[in-house]
Amino acid sequence: MRTQVAIIGAGPAGLLLGQLLQNAGISNVIVERRSGDYVLSRIRAGVLEEGTTRLLREAKVGQRMDAEGMVHHGVQIAFMDQIRRVDLERYADGKSVMVYGQTEVTRDLMEARAKAGAVSLYEIPDVSIHNVETDHPSLQFTVNGEKEILECDYIAGCDGFHGISRHAIPSEIRGEYEKVYPFGWLGVLSETPPVSSELIYGAHSKGFFLCSMRSLTRSRYYLEVPLTEKVEHWSDDRFWTELCSRMPESTASQLVSGPSIEKSIAPLRSFVVEPMQYGRLFLVGDAAHIVPPTGAKGLNLAASDVNYLFRILEKVYHAGRTDLLPRYSGLALDRIWKSQRFSWWMTSMLHRLSANPFDHRVQLAELDYFTGSDEGLRTLARNYVGLPYQDVG
Ligand code: RFL
Ligand code: PHB
């Protein structure tokens, strides 16, 4: 088998890259370890930056998002029993964010790919990467008991944090930067109307909470919990009681609780691999970086990596600009480190990082400053809606 770009992983990064390449007449094959249904069952991100929504529209998968997604012009920050609004439009030059679930983005991309007749191979457990230092890279794997070799010009490693791609970069070249936090997020999805029309990020002495949503009838809530917590110990009742105890009273009294449809604990991590290119292999999305979800940046960073790699490959195939290939890693990492900083900062400002009362008072002063001054609100809003993309040249 031969294709121009071999893509490992059918998460949002792999599917979006595949769709943009397909529309530009550049052939690609996606090889995914899991089944399509499994990929669609993962409940993850909910907030899309404008750059991400623009790219989805460019990929011609924006119709349902524009019809069903909810544009949010502000977010709320709760602390000390009060709520302050960050007016995104006012403080981020008229920009806003779109609330539309990652599951829906993935479904739209999968449907568009099937319609375009592009090849996706699911349930392939043994992909290996070969010859990326040469002009003849390939993937090898087994399909229906037969060994298959997929020859290509370039490989996009879109296989997430637990994938194989980044390990194909020799350890003497690969730099890894990591920070692991001592807590996780316990998330609940429920068929109940959201408690607020805008997202609420909350700091409380018992820990962080987040009120988010997927639609006007479906809510997504999170609680900071110690890493030692087990999801089995959290009945729905215990979850709702704990959530209400962390919210300002006026909000808690509005909460509509109900049975959970999904409940899970996700650990929080900051992680970056450098460089993101080795020979003809390019790392994209969670394969190269993880952010704690407090800034809603993970999926959006995957989209901005896709943006850079797609623009470069388009110029390589349509204008012979192979000189641009070495620019990918630097362009992507510039935006990644800025988003890492924002995600780490939001996490530090809103979670219970220390039992020292001094640290707690500094946190409150920081929250007061960033939600109570024009310069603070501008910094928060501009980072939250997403920093601009650069030209690839
Ligand atoms: P994914 O989605 O992990 O997809 C990678 C795919 O690769 C497959 N794979 C392999 N395939 C073949 N061979 C192998 N050896 C393979 N190994 C792995 C996997 O099966 C999978 O299908 O990575 P991708 O595409 O880079 O997308 C990244 C996003 O999924 C992730 O960054 C976001 O979900 C993070 N995130 C959020 N991001 C946002 O932008 N906004 C948010 O509001 C937001 N909220 C969140 C989040 C992540 C969360 N969790 C669970 C970590 C909330 C949570 C709770
Ligand atoms: C979500 O809706 O799942 C969500 C929203 C905002 C975040 C993280 C997760 O920062």
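As a basis for the values below, the full set of heavy atoms in this structure was taken, side chains included, without hydrogen atoms, waters or symmetry mates. In each ligand, atom 1 is the first atom listed, and ligand 1 is the first ligand listed.
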Using only heavy-atom distances, determine whether the side chains of [X] and [Y] contain a donor-acceptor pair under 3.5 Å.
X      : Y      : answer
Glu366 : Trp345 : yes
Thr251 : Glu249 : no
Glu229 : Trp234 : yes
Tyr181 : Ser270 : yes
Tyr100 : Asp108 : yes
Tyr317 : Tyr154 : no
His167 : Ser165 : no

Proximity to ligand 1 by part of [X], non-hydrogen separation under 4.0 Å:
X      : answer
Val31  : backbone
Tyr222 : side chain
Cys158 : backbone

Q) Are any of the N/O atoms in Tyr384 less than 3.5 Å from those in ligand 2? A)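 For ligand 2, there is no N or O atom that lies under 3.5 Å from one belonging to Tyr384.
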
When you measure from [atom] to every protein heavy atom, which one gives the shortest distance, and what is it?
atom                    : value
atom 9 (C) of ligand 2  : Tyr222 CE1, 3.7 Å
atom 14 (C) of ligand 1 : Arg33 CB, 4.0 Å
atom 40 (O) of ligand 1 : Leu299 N, 2.7 Å
atom 6 (C) of ligand 2  : Tyr201 OH, 3.2 Å
atom 24 (P) of ligand 1 : Ala13 CB, 3.9 Å
atom 43 (O) of ligand 1 : Gly46 N, 3.1 Å
atom 52 (C) of ligand 1 : Ala266 CB, 4.4 Å
atom 7 (O) of ligand 1  : Asp159 CA, 3.2 Å
atom 27 (O) of ligand 1 : Pro12 CG, 3.5 Å
atom 1 (P) of ligand 1  : Arg44 NH1, 3.5 Å
atom 8 (C) of ligand 2  : Pro293 O, 3.4 Å

Q: Measure the acute angle between the ring planes of His351 and Phe208, then classify it against the limits of 30° and 60° as parallel, tilted or perpendicular.
A: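 Parallel: the ring planes of His351 and Phe208 meet at under 30°.
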
Does [X] come within less than 4.0 Å of [Y], counting only side-chain N to carboxylate O?
X      : Y      : value
Asp87  : Arg85  : yes
Arg44  : Glu262 : no
Glu89  : Lys95  : no
Arg166 : Asp286 : no

Under the 3.5 angstrom rule, does the side chain of [X] hit a backbone N or O of [Y] as a donor-acceptor pair?
X      : Y      : value
Arg327 : Val392 : yes
Glu224 : Arg352 : yes
Lys338 : Asn383 : no
Asn300 : Glu49  : yes
Ser27  : Gln4   : yes

At less than 4.0 angstrom from any non-hydrogen atom of [X], what atoms of ligand 1 do you find?
X      : result
Asn300 : 40 (O)
Gly11  : 4 (O), 6 (C), 22 (O), 25 (O)
Ala296 : 39 (C), 40 (O), 41 (N), 42 (C), 43 (O)
Gln102 : 2 (O), 29 (C), 30 (O), 33 (C), 34 (O)
Val39  : 22 (O)
Gly298 : 32 (O), 35 (C), 38 (N), 39 (C), 40 (O)

Could you tell me if any non-hydrogen atom of [X] lies under 4.0 Å from any atom of ligand 2?
X      : value
Arg214 : yes
Lys297 : no
Trp185 : yes
Ile43  : no

Q | Within 45° cone and under 6.0 Å: Arg361 NZ/CZ vs Phe358 ring | A |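 Geometry flag: not set, cation outside 6.0 Å or 45°.
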
Flag [X] as yes when one of its N or O atoms lies below 3.5 Å from any N or O atom of ligand 1, and as no otherwise.
X      : result
Gly14  : no
Ala302 : no
Arg220 : no
Asp286 : yes
His162 : no
Trp185 : no
Gly285 : no
Pro293 : no

Subset of ligand 2 atoms that lie under 4.0 Å from at least one heavy atom of [X]:
X      : value
Val47  : 5 (C), 6 (C)
Leu199 : 5 (C), 6 (C)
Arg44  : 3 (O)
Thr294 : 10 (O)

Q) Does at least one non-hydrogen atom of Arg42 fall below 4.0 angstrom from an atom of ligand 1? A)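 Yes; Arg42 lies near enough to ligand 1 that a heavy-atom distance drops under 4.0 Å.
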
Q: State, with a plain yes or no, whether a side-chain heavy atom of Val273 is found less than 4.5 Å away from one of Arg174.
A: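 They are in contact (side-chain heavy atoms under 4.5 Å apart), so the answer is yes.
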
**Q.** Heavy-atom side-chain proximity of Thr3 to Glu151 below 4.5 angstrom
**A.**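 No; the side chains remain at least 4.5 Å from each other.
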
Q: Please confirm whether Tyr328 and Tyr308 have ring centers closer than 6.0 angstrom.
A: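 For Tyr328 and Tyr308, the ring centres are not under 6.0 Å apart.
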
Q: May I ask you to check whether Tyr221 and Trp185 place their ring centers less than 6.0 Å from one another?
A: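 Not close enough - the centres of the two rings lie 6.0 Å or further apart.
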
Q: Classify the contact between Ala296 and ligand 2 as side chain, backbone, both or neither, using a heavy-atom distance cut-off of under 4.0 Å.
A: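 It is both parts that get close, each with some atom under 4.0 Å.
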
Q. If you measure from atom 13 (N) of ligand 1 to every heavy atom of Leu301, Ile8, Val47, which option wins on shortest distance?
A.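 Shortest heavy-atom distance from atom 13 (N) of ligand 1: Ile8.
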
